[in-house]
> 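Sending over a structure as structure tokens; questions will come in a sec.
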Amino acid sequence: MHHFVYKDGQLYCEEVPVSKIAGEVGTPLYLYSHATLRQHFRAFDGAFSDVPHLTCFAMKSNSNLAILRLFALEGGGADIVSGGELYRALRAGVEPKKIVYSGVGKTVEDMEYALRSEILMFNVESTQEIMLLNEIAGRLGKKAPIAIRVNPDVDPETHPYISTGLKENKFGIDIGKALEDYTLAAGLRNLRVAGVSCHIGSQLTRVSPFVDALQKLKVLIGKLRDSGIAVEYLDLGGGLGITYNKEEPPHPREYAEALKKELDEKDLIVVLEPGRVITGNAGILVTKVLYVKSTPEKKFVIVDAAMNDLIRPSLYGSFHGIEPVKLSEKQRVKADVVGPICESTDFLAKDREMVAFETGDLVAVMSAGAYGFSMSSNYNSRPRAAEVLGKGDRYYVIRARENYEDLVRGENLPDFLNV
Ligand SMILES: Cc1ncc(COP(=O)(O)O)c(C=O)c1O
């Protein structure tokens, strides 16, 4: 459910025509719906309201300050994976005690920053990281709260590039080794064992892999208890999928019910790290048709957005709906939607049936609110797109379009070239 709907043949974001925003802000632009973001957050968070829980929004999916602030005001926390994400979360007003920090490659500086910020928990992912965190915490006179991110070896049945809970993946500590590492951590002076965590992958469209992982974690928690190691938090990660095309993922309510059925430990606080399910369908990428060209093989719709703006189709072969901003009686054709970048992987849709777009038409690339702008780059020296938040009959530019000056910020000519 989202608030991008057609009224009188025009696509609207809530109560504003998308064409009006594109006309005033320019293209390409990311456009988010405030009502959709809030509704998705509440649907997810509300589904766990009868158990002690904390929803830590996975800000890698969308890290705009305004969006983080919106969820913070809803009572949410943040799942971070870098010092930069910690900085953004704190700037947006997320409470440090609602921040969990995952990631296989935390640096010394990032750990120091997070320790000083007094975050809720480090989800540690290797034995070496456990040792290093203990050392750094000792140096700062702190006791670091940790959960071991366990790799439960569960197949999430998703794209291989976004599956993270299999033995072959780089993430987490093998569940068979977790007890040994918990025992090690519990014996270290500057660590406090606070929880158990896992995250098995992204864009999961069935609940059973989540349940399988939880069952494995429960066995581990039992073993920890038998060893005298108590945990307070059970972090189940994120990963719930959305409808991009014809997928039928479970509603957050079904997902929550399936997990809660397994939760017989009433004293545990459940931590959840949803990203895509909250922001994915709450945003679109609006782009303009520059040219239409046909080769003997194919028809290409060349637009002003490219793989630097939305890399998911190039990276994962992902599907995004391609919709006209203005409905028309135009015939339907099969075409590729491509950008101006000098790579053959620069496409937003391939061999897709769509209306016969013409130069100047506006196109909505649907379901682009997660892993869209946050994965964007300046490749081909393209300034990054503007981000806009629609709310009722108003809209707000929440990130200005980059300009050419932004592109060269921080670059310097060494003396020997300054001639
Ligand atoms: C540790 C962790 N938590 C949460 C997420 C969020 O996943 P999703 O956006 O699929 O909910 C990710 C995504 O890769 C992740 O790596």
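Order of appearance sets the numbers: ligands from 1, and atoms from 1 within every ligand.
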> Go through ligand 1 atom by atom and flag the ones less than 4.0 Å from a non-hydrogen atom of R149.
1 (C)

> Looking at ligand 1, does any of its N/O atoms fall within less than 3.5 Å of an N/O of S202?
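Indeed, backbone or side chain, S202 has an N or O that close.
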
> Under 4.0 Å from a heavy atom of G275: give me the atoms of ligand 1 that qualify, with their elements.
8 (P), 9 (O), 11 (O)

> Run the side-chain hydrogen bond (donor to acceptor under 3.5 Å, both in side chains) test against T127 and tell me which residues pass, sequence neighbours left out.
K177, D181

> Which part of R276 is near ligand 1, with near meaning a heavy atom under 4.0 Å away: side chain, backbone, both or neither?
both

> Within ligand 1, which atoms have a heavy atom of E273 less than 4.0 Å away?
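Every atom of ligand 1 under 4.0 Å from some heavy atom of E273: 1 (C), 2 (C), 3 (N), 4 (C), 5 (C), 6 (C), 11 (O).
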
> Is the distance between the ring centroids of F71 and F41 less than 6.0 Å?
yes

> Which ligand 1 atoms, with their elements, are less than 4.0 angstrom from a heavy-atom of S102?
1 (C)

> Could you go step by step and tell me if D235 and N123 meet the side chain to side chain donor-acceptor pair (under 3.5 Å) rule?
CA-CA 9 Å; D235 182 343; N123 290 343; 3.0 Å; yes

> What's the verdict on side chain to side chain donor-acceptor pair (under 3.5 Å) for N308 and S376, showing C-alpha distance, side-chain angles and the deciding distance?
CA-CA 5 Å; N308 75 297; S376 66; over 6 Å; no

> State which residues pass ring-ring contact (aromatic ring centres under 6.0 Å, His included) with F4; sequence neighbours excluded, sorted by chain then number.
H2

> Atom 8 (P) of ligand 1: which of G239, P274, G280, C198 has the nearest heavy atom?
G239

> Any salt bridge linking K20 with E24? Criterion: basic side-chain nitrogen under 4.0 Å from a carboxylate oxygen.
yes

> If I apply the N/O under 3.5 Å rule, does Y371 come out as touching ligand 1?
yes

> Looking at G238, which atoms of ligand 1 are within less than 4.0 Å of one of its heavy atoms?
4 (C), 11 (O)

> Where does the angle between the aromatic ring planes of F44 and Y255 fall among parallel (under 30°), tilted (30 to 60°) and perpendicular (over 60°)?
tilted

> Does D79, backbone or side chain, put an N or O under 3.5 Å from an N or O of ligand 1?
yes

> For ligand 1, which atoms, with element, lie under 4.0 Å from some heavy atom of A58?
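Per the distance check, 4 (C), 5 (C), 6 (C).
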
> Could you walk me through whether K218 and D264 pass the salt bridge (Lys or Arg N to Asp or Glu O under 4.0 Å) check?
CA-CA 9 Å; K218 276 170 48 178; D264 29 37; 3.5 Å; yes

